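As the structure is a prediction and not an experimental result, all values here were calculated from the model. Counting from 1, the numbers follow the sequence of the chain as shown.
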Amino acid sequence: MKSQELSENLTVVSPDAGGVTRAKKFQEMLKAENQAKSVGLAMIIKHRDAPGKIADMFLVGSVAGSDVIIIDDMIDTAVNRIEEMYILT
């Protein structure tokens with residue numbers, strides 16, 4: 001991360017409850033390295049009506065005025081990432 005300039009206001013987002021610990025560690029690393037003036041943390045909660053089918057998504061936290069970094073352990077088709085971007089804008 002040191003090789004690139006980061007926005008002064010960042011929010012690290014976990015795309016699900018299971019990834020909050022990973023996102024929190026990344027947020028803490030950015031804060032410790034003074035990579036950004038403000039580093040927030042947010043999470044997306046998904047309600048599924050069937051396996052692989054998201055019925056609703058809700059954002060917990062604020063991303064207003066921030067550049068967003070989504071931290072996830074795996075991306076298969078990126079369909080969920082596209083849907084998540086809509087809720088983050």
*How many angstroms lie between atom OG of Ser38 and atom CG of Asn9, to the nearest 0.5 angstrom?*
5.0 Å
*salt bridge (charged side-chain N to carboxylate O under 4.0 Å, His left out) partners of Asp49, counting only residues at least two apart*: none
*Report the residues that fulfil salt bridge (charged side-chain N to carboxylate O under 4.0 Å, His left out) with Asp67, sequence neighbours left out, ordered by chain and then residue number.*
none
*To the nearest 0.5 Å, what is the distance between CG (Leu41) and OG1 (Thr11)?*
8.5 Å
_pair Leu10-Ser66: side-chain heavy atoms closer than 4.5 Å_ = no
Donor-acceptor pairs under 3.5 Å, side chain of residues 17-29 to any protein atom, not counting sequence neighbours: which ones?
from, atom 1, to, atom 2, distance (Å)
Lys24, NZ, Gln27, OE1, 3.3
Gln27, NE2, Val39, O, 2.9

*What is the distance from atom CE of Met57 to atom CD1 of Ile44, rounded to the nearest 0.5 Å?*
6.5 Å
_Restricting to side-chain hydrogen bond (donor to acceptor under 3.5 Å, both in side chains), what partner residues turn up for Ser14, sequence neighbours left out?_
none
*According to the ring pair (Phe, Tyr, Trp, His ring centres under 6.0 Å) rule, which pairs have a member within residues 49-72, sequence neighbours left out?*
His47-Phe58
*List for me each residue that meets side-chain contact (heavy atoms from CB on, under 4.5 Å) alongside Val68, sequence neighbours excluded, and say none if there are none.*
Val13, Val63, Ile70, Leu88
_Suppose we screen for side-chain hydrogen bond (donor to acceptor under 3.5 Å, both in side chains). Which residues come up paired with Asp16, at least two apart in sequence or across chains?_
none
*Cluster link Met43 to Ile71, ILVMFWY, side chain under 4.5 Å*: no
